[in-house]
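Structure record follows, encoded as structure tokens.
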Amino acid sequence: MKLNIPRGTFDLLPGQVEKWQYVENKIRDLCRSYHFSEIRTPIFERTELFQRGVGETTDIVEKEMYSFEDRSGRSLTLRPEGTASVVRSFVEKKMYVEPQPTKLYYMGPMFRYERPQSGRYRQFHQFGVEVFGTEEPDVDAEIIDLGYRLYTSLGLSGVKVELNSVGCPDCRPNHREAMVEYLATKKDQLCQDCQSRLNRNPMRILDCKKESCRQATEKAPRMIHYLCSKCAPHFEAVKEYLDELAVPYEVNTRMVRGLDYYTQTAFEFVLEGKGGGSLGGGGRYNGLVQEVGGPDMAGIGFAVGLERIFLALEEQEITLPVQTGVDCFLVTLGSEAKKYGVTLLKKLRESGLSAERDYLDRKLKGQMKAADRIQAAYVAILGDQELQEKKIGVKSLITGEQETIQLDHLVEYIRNGRKS
RNA sequence: GCGGCCAUGGCGAAGUGGUUAACGCACCGGAUUGUGGCUCCGGCAUUCGUGGGUUCGAUUCCCACUGGUCGCCCCA
């Protein structure tokens with residue numbers, strides 16, 4: 001039996017992995033400029049954390065978790081998202097006693113048991129940020145801006161922010177009541193799922209993609225019209241700050257994010273046009289810290305899917321400026337030169353240049369080909385003749401020009417050539 | 001969980017009930033002495049995802065399984 005990679009996972013091979021590194025670096029730079037610190041939490045957590053943190057009624061918890069028992073019978077789960085773990089750490093490490101706010105970001109693999117398809121894997125990767133300890137609406141706008149800038153800085157176009165407010169435990173019951181009342185006479189027009197949502201989470205019905213449900217809810221009450229005296233001005237202020245930051249957004253009163261913990265601001269980064277998929281999303285979760293055992297402290301965050309970014313980059317035919325090749329390929333001829341060559345190569349490398357050589361005992365022609373194949377900027381040619389005279393041939397594979405220089409000038413020569 | 005499509009060398013891809021299973025890319029070697037990219041020449045699948053069936057004969061037909069892919073649900 002052939003051993004193959006598990007379903008829904010993928011190997012990142014050379015050629016592709018450089019693009020990931022580029023995006024990851026971009027993310028780190030961006031986070032540093034917004035003064036976010038990285039946090040790394042375990043890949044797995046106790047199952048209860050996600051049940052409590054993400055919400056029992058979510059699809060994630062109901063049917064997508066990678067749960068298993070360890071040898072002592074504890075139920076553990078590969079993290080399906082990042083927020084729960086970060087909140088757990090925030091509470092467990094008592095970060096709430098530090099001066100607030102706390103601004104954290106994370107990046108890494110997440111796991112959900114689903115049928116893989118375009119832009120969806122069982123092991124996928126997210127970058128996300130979380131801010132604890134402030135309810136100020138300008139923070140909401142600022143992290144939306146951060147996410148938006150990630151996309152634009154990569155060259156993506158047509159990214160749009162969809163914005164909504166899902167209220168808070170004070171105002172949501174009023175909307176819920178209105179929804180139930182409004183839909184009482186239309187229950188038979190709703191799909192199976194939505195009929196059960198009528199009891200569990202009527203607001204989610206607004207977000208159903210089925211045509212019949214959309215028609216039934218065409219004039220259904222929208223949460224933003226039921227916001228309380230705290231949530232309404234908060235929502236208005238978020239919009240104002242987004243205008244101030246020139247982040248293009250659109251209020252979507254149907255959008256209700258899939259996770260149970262959101263309060264007030266909910267948003268999604270979507271790609272306009274035929275692809276149209278969701279690139280990422282997030283929102284405020286003012287009750288979550290307490291739910292996980294901490295103080296009553298506000299939080300807000302988002303997560304974006306890295307695979308979705310690469311899918312969008314591909315669709316828009318954007319080539320990332322990744323660096324390949326080496327600065328110098330050392331060609332040696334003869335046993336004396338080969339022996340001396342290892343030291344020369346080491347010198348090049350110690351000076352910070354990237355350098356390569358032939359390991360297959362190829363002839364001159366083969367070595368030249370190898371140098372060309374790996375896109376070496378220069379080839380340094382060392383034969384026994386050169387070695388005797390303490391000289392070395394240097395050829396630029398870009399211009400094709402070649403000259404002979406003093407052997408101990410090689411590092412400097414390559415370094416100068418690299419700058420130009 | 002449900003549905004569509006697909007499965008030929010490292011990759012892409014043609015093909016037929018019985019042929020030495022095309023071709024392109026990549027790779028390796030060569031085109032006289034120590035110089036890459038271009039060109040030319042040569043090499044590179046006893047085998048067509050796995051198992052069964054139909055047949056004188058199957059890579060080609062049928063079934064099952066496995067895998068991939070796309071979609072539904074939901075989301076990143």
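Proteins come first, then strands; the chains are lettered A, B, ... in the order of their sequence lines, and each starts at number 1. Side-chain atoms are counted along with the backbone in the values below, which use heavy atoms only and exclude waters and symmetry mates.
Within the 4.0 angstrom heavy-atom criterion, base atoms lie near A:Gly119. In this structure, A:Arg257 reaches the sugar-phosphate backbone alone: every heavy-atom distance under 4.0 Å involves primed, P, OP1 or OP2 atoms, never a base. Nucleic acid contact for A:Glu307: none, since no nucleic acid atom lies under 4.0 Å from a heavy atom of the residue. Heavy atoms of A:Gly334 sit nowhere under 4.0 angstrom from any nucleic acid atom. At the heavy-atom level, A:Arg120 lies under 4.0 Å from base atoms of the strands shown. Counting any heavy atom pair closer than 4.0 Å across all strands shown, A:Arg79 reaches no nucleic acid atom. Nucleic acid contact for A:Glu114: base, since at least one base atom lies under 4.0 Å from a heavy atom of the residue. No contact: A:Ile309 has no heavy atom under 4.0 Å from any strand.
The partner of B:A21, taking Watson-Crick or G-U wobble pairs whose two distances both stay under 3.5 Å, does not exist in any strand shown. In a base pair of the Watson-Crick type (N1 to N3 plus N6-O4 or O6-N4) or a G-U wobble (N1-O2 and O6-N3), with each distance short of 3.5 Å, B:G51 is matched with B:C63.
Two rings, from A:Tyr105 and A:Phe36, have their centers 6.0 Å or more apart. Between A:Phe302 and A:Phe269, a ring centre-to-centre spacing shorter than 6.0 Å is recorded.
Along RNA chain B, the nucleotide nearest A:His125 and the nucleotide nearest A:Arg373 are compared for position; the residue whose nucleotide lies closer to the 5' end is A:Arg373. With RNA chain B read from its 5' end, the first of the two nearest nucleotides for A:Lys63 and A:Leu306 is the one closest to A:Lys63.
Note: CZ (A:Phe111) to P (B:A76) measures 17 Å, nearest angstrom. In this structure, CD1 of A:Ile381 is placed 10 Å from P of B:G36, rounded to the nearest angstrom. Here the P atom of nucleotide B:U35 and the CZ atom of A:Phe329 are 16 Å apart, to the nearest Å.
A:Gln323 CD: 12 or fewer foreign heavy atoms inside a 6.0 Å radius. Other residues, nucleotides and ligands place more than 12 heavy atoms under 6.0 Å from the NZ atom of A:Lys239. With a 6.0 Å radius and a threshold of 12 heavy atoms from other residues, nucleotides or ligands, A:Gln21 has its CD atom above the threshold.
Here A:Arg112 does not reach the OP1 or OP2 of B:C73: none of its side-chain N or O atoms lies under 4.0 Å away. OP1 or OP2 of B:C74 lies within a sub-4.0 Å distance of a side-chain N or O belonging to A:Arg197.
For the P atoms, the distance linking B:U59 with B:G18 amounts to 11 Å, nearest Å. Between the C1' atoms of B:C70 and B:C61, the separation comes to 27 Å (whole Å).
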